[in-house]
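As the structure is a prediction and not an experimental result, all values here were calculated from the model. Naming: A, B, ... by sequence-line order, numbering from 1 per chain.
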2 protein chains.
Amino acid sequence: MPHSNTHHEVLIVVFQVRHFPATAQSPRSGPELAVLLWQRALDPEAGSWSLPGGRLHDDEDLTTSARRQLAEKVDVREVAHLEQLSVFSEPHRVPGARTIASTYLGLVPITSDPQLPDDTSWHPVSHLPEMSFDHGIMVENARARLAAKLSYTNIAYGLAPSEFAMSTLREIYCAALGYQVDATNLQRVLSRRNVLVPTGTTAPPGRTGGRPPALYRFTDSRLRVTDEFAALRPPA
Amino acid sequence: MPHSNTHHEVLIVVFQVRHFPATAQSPRSGPELAVLLWQRALDPEAGSWSLPGGRLHDDEDLTTSARRQLAEKVDVREVAHLEQLSVFSEPHRVPGARTIASTYLGLVPITSDPQLPDDTSWHPVSHLPEMSFDHGIMVENARARLAAKLSYTNIAYGLAPSEFAMSTLREIYCAALGYQVDATNLQRVLSRRNVLVPTGTTAPPGRTGGRPPALYRFTDSRLRVTDEFAALRPPA
DNA sequence: ACAAAAGTGTTCGTGCTACACCCATGG
DNA sequence: CCATGGGTGTAGCACGAACACTTTTGT
């Protein structure tokens, strides 16, 4: 009897780079990578924080389901990138009926600030609250995937505004990678790979003066691998 | 009514580098990457070739299920590496009850030659037969993943014998990548990354003479990322 | 001695980092 | 005219590709 009553859910790790008020632990060093979570009102694990998501419907595939579930939390148009991550299938990963979870990575540009339901909020990934079930591992997996892809794809388009100064993009990379990135080299690497193009326009300088920054735009707004071969390239 | 009668299956793309007899299309240029397939005797799509796999049981996770399903086709001990690929969830991807497929990548070392059931055989990925349902896409996805990981991980341990000469490893890389790889540079790249270590022993030379090759071994027999950052490395 | 296979050394190019220096704006 | 932030130029390095040359075996 291979099958009785197994459910399938989609869980989405939605990331955005956001500014958080300075605290004792995070002494004000720019914006941070944040994940969208909602707090469980009911048992099991009432009070703990969960990833957005829910049951897969009969007439939808996983990606469609992920978009539908997100629509209940944030305006779907704000999600600039969505991709499949791994599946969690341990038979007793959650109490009750067996539920297989397919996880997704979702990215929201730094410029949008969607309305959220009362039980939902953004949390810096560096200080996650108590997480439900295996959701903490899922966030960590997603963060690792994002960091890896930042170095060999154009995935940052999902976190960046449509037009931006290099200093803004630098902040996004620093927040997502967790270490300092040099804006000069960032510009050169991404330009060489044709990930970035200058718009030809500039933004007004800040209050305190300074040269007005040139604005850039991502060449594509779909995922593209920009450095396929770390080694063992095919012969020319 | 989100749920009625959805099934979940595991499908495994098992690769091995194998020698095939020379044909008109493949004029004898060394071993090729091959995939394990079985031929459907019954409708739907009788006669077409399918990936090994089947229903997920209630008390097993996906990886356990994949190993169990493979045990019916090949001796499980022969599978040196197994990792999750993506999920195929289109509601009508197969006729009948809805079935979600989780795909896996499996690797078998070049030295093993497992007994196969009558309906099952190895096929060069360069000349796939008519494939069932969406299984052709799954093979192509798996091939792309393997090729990518060969360049930044030690995944080749799954295709190589426990000890081997560099010329053998070169053949494996050539077959899996589909282009010529230089044995000299392969040795240097993998040594620098501490993927390979010399055993200190040599193998006897071939019939026609030649210097006896030094033997090597993979440092780890579990997947390890060996070149994490294509660019944007963290500062020293 | 010669062919065949393996291993070593050297050169070259390229892509990334780091850092110094130059430019444009507000006060 | 100076502080501030942005952009450019350049030197150095690390890695990998290509290829010539040397070593070790069998016939």
Side-chain angles (χ1 to χ4, degrees), chain A residues 30 148 150-154 163-174 177 179-216 225-236, chain B residues 30 150-153 156 163-174 177 179-217 225-236:
Chain A
L150 280 173
S151 119
Y152 69 92
T153 72
N154 65 345
E163 297 192 353
F164 48 86
M166 283 312 300
S167 58
T168 306
L169 194 61
R170 190 186 92 92
E171 286 189 326
I172 291 170
Y173 271 83
C174 291
L177 292 173
Y179 54 81
Q180 291 304 107
V181 174
D182 184 78
T184 302
N185 295 328
L186 183 62
Q187 201 268 29
R188 283 206 266 248
V189 168
L190 297 182
S191 293
R192 176 172 26 230
R193 297 178 177 179
N194 291 311
V195 172
L196 238 43
V197 278
T199 64
T201 57
T202 57
R207 279 123 200 81
T208 101
R211 177 168 169 172
L215 292 179
Y216 291 83
V225 173
T226 60
D227 186 21
E228 195 165 2
F229 301 100
L232 310 175
R233 292 182 256 288
Chain B
L150 280 174
S151 119
Y152 68 93
T153 73
E163 297 193 354
F164 48 85
M166 283 312 300
S167 59
T168 306
L169 194 61
R170 190 187 92 92
E171 286 188 327
I172 290 169
Y173 271 83
C174 290
L177 292 174
Y179 54 78
Q180 291 304 108
V181 174
D182 183 79
T184 301
N185 295 328
L186 183 61
Q187 201 270 26
R188 283 207 265 249
V189 169
L190 298 182
S191 293
R192 182 180 7 243
R193 295 178 178 180
N194 292 311
V195 172
L196 287 186
V197 278
T199 64
T201 58
T202 58
R207 278 123 200 82
T208 103
R211 176 169 171 171
L215 292 178
Y216 292 83
R217 177 189 302 126
V225 173
T226 60
D227 185 21
E228 194 166 3
F229 302 100
L232 310 175
R233 292 183 256 288

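Atoms CZ and CG, from B:Arg188 and B:Leu190 in turn, are 12.0 Å apart once rounded to the nearest 0.5 Å. Taking CG of A:Leu186 as the start and CG of A:Leu196 as the end, the distance is 7.5 Å to the nearest 0.5 Å. The line from OG1 of B:Thr184 to CZ of B:Arg170 is 9.5 Å long, rounded to the nearest 0.5 Å. Atoms CE and CG, from B:Met166 and B:Asn185 in turn, are 10.0 Å apart once rounded to the nearest 0.5 Å.
At the heavy-atom level, B:Arg193 lies under 4.0 Å from the strands shown only through sugar-phosphate atoms. The residue B:Ala183 sits apart from the nucleic acid: no heavy atom pair falls under 4.0 Å. A:Ala165 comes within contact range of no nucleotide atom at all, as no heavy-atom separation falls under 4.0 Å. Backbone-only engagement by B:Pro235 is indicated by non-hydrogen atom pairs under 4.0 Å involving sugar-phosphate atoms exclusively.
When rounded to the nearest whole Å, the span between CG of B:Asp182 and P of D:dC21 equals 16 Å. Taking atom CZ of residue B:Arg211 and atom P of nucleotide D:dG26, one finds them 13 Å apart after rounding to whole Å. The nearest whole Å value for the distance from the CZ atom in A:Arg233 to the C1' atom in D:dA17 is 8 Å. Remark: P of D:dA17 and CG of B:Leu186 are 9 Å apart, rounded to the nearest angstrom. Put simply, CZ on B:Phe229 is 17 Å from C1' on D:dC15, counting in whole angstrom units.
The B:Pro212 side chain lies nearest to D:dT25 when the options are D:dG6, D:dT25, D:dG16.
Nearest-nucleotide mapping onto DNA chain D: of B:Asp227 and B:Pro205, the residue sitting toward the 5' end is B:Asp227. Both B:Gly209 and B:Ala230 lie close to DNA chain C; mapped to their nearest nucleotides by heavy-atom distance, the more 5′-ward contact belongs to B:Gly209. Ranked by how close their nearest DNA chain D nucleotide is to the 5' end, A:Thr208 and A:Thr184 are led by A:Thr208.
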Under 3.5 Å, sequence neighbours excluded: what are the donor-acceptor pairs made by side chains of residues 227-236 of chain A?
{"from": "A:Asp227", "atom 1": "OD2", "to": "A:Arg193", "atom 2": "NH2", "distance (Å)": "3.4"}
{"from": "A:Arg233", "atom 1": "NH1", "to": "A:Phe229", "atom 2": "O", "distance (Å)": "3.0"}

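The span of DNA chain C lying next to chain B, judged by atoms under 4.0 Å from heavy atoms, is bounded 5' to 3' by C:dA4 to C:dA18.
Legend: residues meeting ring pair (Phe, Tyr, Trp, His ring centres under 6.0 Å) with A:Tyr173, ordered by chain and number and at least two apart, are absent. Residues passing the side chain to side chain donor-acceptor pair (under 3.5 Å) test with A:Gln187 are A:Ser191, A:Tyr216, sequence neighbours excluded. Partners of A:Thr199 according to the side chain to side chain donor-acceptor pair (under 3.5 Å) rule, which considers only residues two or more places apart in sequence or in another chain, are A:Thr201.
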Write out a two-atom table: protein N or O, nucleotide N or O from nucleotides 10-14 of chain D, distance below 3.5 Å.
{"from": "D:dT10", "atom 1": "O4", "to": "A:Arg188", "atom 2": "NH2", "distance (Å)": "2.9"}

Walk me through whether B:Tyr152 and B:Val225 qualify under side-chain contact (heavy atoms from CB on, under 4.5 Å). CA-CA 6 Å; B:Tyr152 68 93; B:Val225 173; 4.2 Å; yes

